[in-house]
Amino acid sequence: MRILHGTSELFPYSKTGGLADMVDGLAKATAKLGHQVGVVTPLYRGIREQTPALQLLDSRLELSMGMLSVSARVWTHQPRPNLTIYFIDQPEFFDRASLYMHNGSDYLDNAARFIFLSKCVAHLARHLPWQPEVVHVHDWQTALAPLLVRHQRDHDGRATPPRTVLTIHNVAFQGVFPPQDFGLVNVPWSYFTVDGAEYYGRLSCLKAGIVFADAIITVSPRYAREIMQPELGCGLDGVLRRRADVLTGILNGVDYEEWKTTGNPRLPHAYSATRLLGKNLHKHALQKEYGLPPRSDVPLFGTVSRLTDQKGIDIELGALEEMLSAPMQFVLLGSGSSHFVQAFTDLARRHPDKMGVRFGFNEDLSHRIEAGLDFFVMPSRFEPCGLNQMYSLRYGTIPIVRATGGLDDSVTDITEDMGQANGIKFTEYSSRALAKAMRKALALYAQPPLLCHYRGNGMNADFSWDRTCLEYLRVYERKLA
Ligand code: ADP
């Protein structure tokens with residue numbers, strides 16, 4: 001099969017969250033199976049310097065944006081056989097210090113930037129010599145591409161136009177803009193209706209994708225059910241219910257070439273489910289790095305996360321307030337909202353021998369944390385898939401999660417099937433419920449053989465892309481049939 005992805009971030013070139021990891025993992029896994037795969041993504045600042053083998057594509061893109069014409073060069077890179085990355089080089093839009101925002105506010109021209117990216121995806125889908133059969137886009141930033149492909153399909157009479165697939169990684173981000181931005185799309189206003197790209201008088205990029213894609217996937221089965229309900233549908237539940245026949249949930253996979261406990265350049269000490277000494281060394285190194293006493297007799301809890309309301313940070317702060325009087329330690333790596341940064345900083349200042357914090361985005365440190373922790377805390381208010389709980393499982397760290405979305409689909413509680421159980425789950429969204437789950441963790445830590453058993457279950461669980469990508473291929477096949 002021939003598949004072209006469109007994405008606003010792609011690991012290892014650009015990343016603010018799970019989207020980057022997911023597209024990389026899926027693209028690599030499908031290419032490994034022999035399918036031809038392309039990924040269209042912006043050439044953000046710094047990528048050129050980190051990727052010396054870039055090659056310039058012959059033709060330059062020249063695309064209408066309302067009354068103007070915007071041009072871009074396209075650089076290609078082939079990280080492995082069957083996989084080509086198409087970097088869109090449009091410095092005014094993409095040569096910026098960060099991907100989406102500056103000083104906590106979205107860039108004012110995000111509509112233009114990502115309408116342009118969606119146009120590049122649709123244009124390349126039409127003109128690349130290898131003629132992609134499937135155009136697979138991700139989240140609102142490329143979600144206008146299915147509309148553009150539909151428009152091409154209806155107007156240029158091509159015999160076999162590509163099918164389109166939209167993956168929703170988080171329905172809370174929708175790309176909603178003033179109606180006049182629809183003028184930048186250069187398609188008739190008949191698409192801007194309540195049955196099209198219009199959302200209460202405004203342009204909604206994600207809604208356009210939901211309406212016009214041939215198939216819609218979201219990143220876990222439970223989240224697929226949740227977003228069709230008002231509580232978690234973020235205003236799009238009705239539109240999603242209308243497309244329920246083409247909506248599926250597929251749990252993301254993990255790239256075990258990146259997340260492995262042996263032969264991993266990011267982890268100085270190798271370990272496995274049966275030889276956990278290396279994990280202990282990571283714990284001590286982490287305690288040292290965070291200025292905590294290097295103790296083996298207390299469990300080390302921690303979190304790596306964006307610091308936003310979605311991630312349940314408010315109940316985590318409340319639970320820590322209560323739990324830090326118990327024999328435990330806690331470390332944080334996070335970036336985001338300044339009031340959460342302040343709250344964690346204050347808490348750490350009051351408990352210097354029990355809690356350490358680091359702020360910013362640090363890929364290497366996130367691996368050392370996953371390896372060094374005993375328990376990973378992920379109390380999300382909602383969680384489309386979540387990757388960190390699956391990284392934790394592979395690294396022998398017991399996840400403590402709230403039973404929502406992909407967290408519920410990927411973690412089995414220790415009170416359930418002993419042969420599968422690998423984590424601790426709680427349901428009620430409250431500090432009290434999280435603190436209770438953390439107390440269960442303390443009790444588990446006091447029983448090393450049991451702890452070891454559940455760690456083993458987690459480390460041996462298979463969340464690989466090899467398995468997951470077959471589910472995506474089945475969706476593509478159904479649409480092409
Ligand atoms: P989301 O995409 O909603 O942020 P996920 O759990 O799906 O949540 O994916 C988050 C990804 O981003 C993981 O790979 C996680 O390790 C990483 N991550 C989040 N915050 C940080 C940070 N401060 N430093 C390094 N990596 C981070």
Side-chain angles (χ1 to χ4, degrees), residues 7-26 98-101 138-141 167-173 218-220 222-223 227 232 234 249-260 264 266-267 286 289-290 302-313 316 331-338 340-341 344 356-373 376-395 397 399-402 404-411 423 463 465 468:
T7 178
S8 60
E9 49 187 275
L10 179 68
F11 184 82
Y13 314 100
S14 54
K15 170 169 170 177
T16 69
L19 165 65
D21 289 0
M22 183 277 188
V23 184
D24 171 57
L26 176 59
S98 57
L99 272 55
Y100 310 121
M101 45 173 55
H138 301 264
D139 277 351
W140 73 264
Q141 292 90 342
T167 293
I168 301 174
H169 296 254
N170 192 336
V171 82
F173 300 103
T218 190
V219 288
S220 68
R222 177 164 168 167
Y223 191 60
I227 58 177
L232 290 183
C234 298
I250 301 178
L251 194 72
N252 281 342
V254 171
D255 182 353
Y256 289 138
E257 284 171 35
E258 288 292 326
W259 294 89
K260 57 186 178 187
N264 184 343
R266 290 190 162 104
L267 297 185
L286 193 60
E289 191 167 350
Y290 273 82
T303 292
V304 178
S305 182
R306 292 186 290 119
L307 302 177
T308 64
D309 288 334
Q310 178 201 331
K311 299 292 179 182
I313 303 300
E316 185 164 6
V331 296
L332 172 85
L333 170 63
S335 61
S337 184
S338 57
F340 288 137
V341 169
F344 274 114
V357 290
R358 293 273 187 287
F359 301 106
F361 200 92
N362 187 332
E363 189 78 27
D364 285 344
L365 179 56
S366 77
H367 280 256
R368 293 199 299 279
I369 292 178
E370 287 285 10
L373 294 183
F376 191 95
V377 185
M378 203 163 171
S380 306
R381 190 185 287 274
F382 67 94
E383 193 59 74
C385 174
L387 290 172
N388 275 311
Q389 80 282 11
M390 294 193 276
Y391 299 154
S392 300
L393 292 171
R394 178 48 53 125
Y395 278 14
T397 296
I400 301 177
V401 302
R402 188 162 165 269
T404 180
L407 298 177
D408 196 30
D409 287 334
S410 55
V411 174
F463 290 104
W465 271 110
T468 305

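For this chain, numbers begin at 1 and follow the sequence in order. We count ligands from 1, going down the list as the structure has it; atoms in each ligand are counted the same way.
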Item to complete: Please check if any side-chain donor atom of Tyr100 sits under 3.5 Å from a side-chain acceptor atom of Ser8, or the reverse.
Response: yes
Practice prompt. Just jot down the side chain to side chain contact (heavy atoms under 4.5 Å, CB included) partners of Ser220, sequence neighbours excluded, or say none.
Written response: Tyr223, Leu251, Asp409
Worksheet item: Taking both backbone and side-chain atoms of Leu387, is any N or O found less than 3.5 Å from an N or O belonging to ligand 1?
Response: yes
Worksheet item: What pair of heavy atoms forms the shortest contact from Glu258 to His367, and how long is it?
Response: O-CE1, 3.3 Å
Worksheet item: Gly386 near ligand 1, heavy-atom distance under 4.0 Å?
Response: yes
Item to complete: Identify, by atom number and element, the atoms of ligand 1 in contact range of Asn388, meaning under 4.0 Å from any of its heavy atoms.
Response: 6 (O), 13 (C), 15 (C), 16 (O)
Worksheet item: What is the closest protein heavy atom to atom 26 (N) of ligand 1, and at what distance does it sit?
Response: Phe361 CZ, 3.4 Å
Worksheet item: Quick one: does Ser392's side chain have a donor or acceptor within less than 3.5 Å of a partner on Thr397's backbone?
Response: no
Worksheet item: Closer than 4.0 angstrom: is that true for some heavy atom of Tyr391 and an atom of ligand 1?
Response: yes
Worksheet item: Do Thr16 and Phe361 come close enough that some side-chain heavy atom pair is under 4.5 Å?
Response: no
Worksheet item: Is the shortest side-chain N to carboxylate O distance from Glu363 to Lys15 below 4.0 Å?
Response: yes
Discussion item. Within the 4.0 Å heavy-atom shell around Gly18, which atoms of ligand 1 are there?
Written reply: 1 (P), 2 (O), 7 (O), 9 (O), 10 (C), 11 (C)
Worksheet item: Against heavy atoms of Asp21, which atoms of ligand 1 measure under 4.0 Å?
Response: 14 (O)
Practice prompt. Run the numbers for me: atoms of ligand 1, each under 4.0 Å from some heavy atom of Ser305, listed by number.
Written response: 20 (N)
Item to complete: Flag Thr16 as yes when one of its N or O atoms lies below 3.5 Å from any N or O atom of ligand 1, and as no otherwise.
Response: no
Practice prompt. With heavy atoms of Arg306 as the reference, note each atom of ligand 1 found under 4.0 Å away.
Written response: 1 (P), 3 (O), 4 (O), 20 (N)
Discussion item. Looking at Glu9 and Leu19, would you say the former's side chain and the latter's main chain have a donor-acceptor pair under 3.5 Å?
Written reply: no
Fill in: Under 3.5 Å: donor-acceptor pair, side chain of Arg402, backbone of Ser380
yes
Discussion item. Yes or no: does Gly360 have any heavy atom under 4.0 Å from an atom of ligand 1?
Written reply: yes
Discussion item. With nothing but distance in play, are any N or O atoms of Asn362 less than 3.5 Å from an N or O of ligand 1?
Written reply: yes
Worksheet item: What class does the angle between the rings of Tyr395 and Trp259 fall in, given that below 30° is parallel, 30 to 60° is tilted and above 60° is perpendicular?
Response: tilted
Fill in: contact_flag His169 ligand 1 heavy-atom lt 4.0 Å
no
Practice prompt. Give a yes/no on ligand 1: does Lys311 have at least one heavy atom closer than 4.0 angstrom to it?
Written response: yes
